[in-house]
Amino acid sequence: MAFAIGTAIPLLVFALAGRPVAERVAAFRTRARKLRVISGILMIALAFALAFDVTAALQRALPDYTRAAQRTVEDSGTARQKLSGLYDDSNKELSRCEDGVDELRSCGQAPPLAGISTWINTTGGNPVDLSALRGRVVLIDFWTYSCINCQRSIPHIKDWNRAYRDDGLTVIGVHSPEFAFEESAKNVADQTRKFGITYPVALDNTLDTRDNYRNRFWPAKYLIDAQGTVRHFTFGEGCYAQTESLIRDLLRQADPTVVLPPPTDQSDDRLTADRTPETYLSTHRIRGCTGSPELTEDKPVTYSYPPGGVPLNKLSLAGTWTAGYEHFTAGKDTRLALTHHGQNANLVLAGEGTVTVLVDGERTRTIEVHGTPTLYRLTDHGKAREVRLELRLTAGLQAFAFTYG
């Protein structure tokens, strides 16, 4: 409708006003035939341009003046909440629960596990039905395999599964992918084996279950009692001792005669408050990128570091990179510099090649990268500190996201 109106209005103006104006302009009257010939040639040229998609190439070559506005509007926190569908009235009783509180609450019936494409670690790949688990306490862990925060929480969940499975606890991992490569059932199965996960894992590739639980975090843990009611949830890392204590309370409520083993007592491994936040190598999610020129999407561009170095919590590119919506691809003489604060730095990489790691200007290691996207440990300093990190990547490697511990 907008296109039709935008086209019709100027055509109507030309139709009503064009002839009187033309009759009054002497220059037009004397050159009318020549103008008609030129207009015809331009129309034919435009037709050929449309037929051979020249207009699309021209559009790609011109600056994208609307990108900044689009990012501001569509990628804002408010817009993402509205677009995600998590803030409508469905399953609104979950709002009775509050992230990480040290008590059990009644937060409505547990939503179903919907839109699951594949089940891992179940007999014959059969689905798990929550309604069939009445009488047992259920822990649902939302995770994705390249997320370092999820990886750090997995040992705690495995311990709880071993300690309390025979006393009435069922653990279900809901794998809700953040990247496209995490939608591969083979990749998830490989990583599930790598992490030693033996409890059922549901592949929530359409994020239907994640939306049902009004969740927007990795990791996120939900506790469901023996009657199928959500009683507690916690987002992110930490609160392990608290979560285990609430699991034990729910098990005793389900069976007052149960004799529980001692708590697993794993430490929380809490992260420091000043840790550098996760850094995405994605044209729509990257923050704090410095240097020149400005990032250009899906096109090889030669970048350079800014003069004076890279500030804390910033990164910069050098050499030829192709910046994409989901990852950056290394080209010729590619380097990446960043300054972060943390005990360690990790990067999701894919492809075939090597990454040379320099810490504070000194070469520390060379990492061999093979195959599908996997999280690689770049540095580990024993304690959190500020680090100037530079990576030198061979051509063809794909880099997705940095995480810090």
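What you see is a predicted model, and the numbers here were worked out from it, not measured in a lab.
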Verify whether one side chain among [X] and [Y] offers a donor that lies under 3.5 Å from an acceptor in the other.
X: Thr234; Y: Thr243; answer: no
X: Glu390; Y: Tyr305; answer: yes
X: Arg388; Y: Thr339; answer: no
X: Glu178; Y: Ser146; answer: no
X: Asn313; Y: Thr276; answer: yes

Evaluation steps, side chain to side chain contact (heavy atoms under 4.5 Å, CB included), between Asp159 and Glu244: CA-CA 10 Å; Asp159 280 355; Glu244 182 174 8; over 6 Å; no
From [X] [atom1] over to [Y] [atom2], what is the distance, rounded to the nearest 0.5 angstrom?
X: His232; Y: Asp249; atom1: NE2; atom2: CG; value: 11.0 Å
X: Thr144; Y: Gln151; atom1: OG1; atom2: CD; value: 9.5 Å
X: Thr209; Y: Leu203; atom1: OG1; atom2: CG; value: 11.0 Å
X: Phe195; Y: Lys158; atom1: CZ; atom2: NZ; value: 9.5 Å
X: Leu393; Y: Leu349; atom1: CG; atom2: CG; value: 6.5 Å
X: Asp255; Y: Arg136; atom1: CG; atom2: CZ; value: 11.0 Å

Which heavy atom of [X] sits nearest to which heavy atom of [Y], and what is that distance?
X: Val258; Y: Arg252; answer: CG1-CA, 4.1 Å
X: Glu352; Y: Thr394; answer: O-OG1, 4.3 Å
X: Glu182; Y: Pro177; answer: CB-CB, 3.6 Å
X: Ser117; Y: Asn205; answer: OG-ND2, 3.5 Å
X: Gly135; Y: Ala254; answer: O-CB, 4.3 Å
X: Asn344; Y: His340; answer: O-CE1, 4.1 Å

Ring centroid separation Phe400 to Tyr280 under 6.0 Å: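 Aromatic pair excluded; centres sit 6.0 Å or further apart.
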Do any side-chain atoms of residues 125-132 form donor-acceptor pairs under 3.5 angstrom with protein atoms, and if so which ones, sequence neighbours left out?
residue: Asn126; atom: ND2; partner: Thr123; partner atom: O; Å: 2.9
residue: Asp129; atom: OD1; partner: Ser131; partner atom: N; Å: 3.1
residue: Asp129; atom: OD1; partner: Ser131; partner atom: OG; Å: 2.9
residue: Asp129; atom: OD2; partner: Ser131; partner atom: OG; Å: 2.8

Check: residues 217-224 side-chain donor-acceptor pairs under 3.5 Å, at least two apart:
residue: Trp218; atom: NE1; partner: Ser176; partner atom: O; Å: 2.7
residue: Tyr222; atom: OH; partner: Tyr213; partner atom: O; Å: 2.8

By disulfide (SG to SG under 2.5 Å) - contacts of Cys289 (at least two apart): none
Less than 4.5 Å apart, side chain to side chain, heavy atoms only: is that true for [X] and [Y]?
X: Arg335; Y: Leu391; result: no
X: Val301; Y: Trp321; result: no
X: Tyr199; Y: Leu139; result: no
X: Val188; Y: Ser184; result: no

Regarding [X] and [Y], does a basic nitrogen lie under 4.0 Å from an acidic carboxylate oxygen?
X: Asp360; Y: Arg385; value: yes
X: Lys194; Y: Asp190; value: no
X: Asp380; Y: Arg377; value: yes
X: Arg210; Y: Asp204; value: no

Test log, rule side chain to side chain contact (heavy atoms under 4.5 Å, CB included), inputs Val137 and Thr170: CA-CA 6 Å; Val137 174; Thr170 295; over 6 Å; no
Parallel, tilted or perpendicular: ring planes of Trp160 versus His156, cut at 30 and 60 degrees: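 Because their plane-to-plane angle lies in the 30° to 60° range, the rings of Trp160 and His156 count as tilted.
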For Arg392, the option from Thr334, Val357, Thr366, Leu358 that meets side chain to side chain contact (heavy atoms under 4.5 Å, CB included):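 Output: one option passes, namely Leu358.
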Cation over ring face, Arg248 and Tyr164, 6.0 Å, 45°: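 That pair does not qualify as a cation-pi contact.
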Side chain to side chain contact (heavy atoms under 4.5 Å, CB included) between Leu338 and Phe402, worked out: CA-CA 10 Å; Leu338 61 90; Phe402 285 96; 3.4 Å; yes
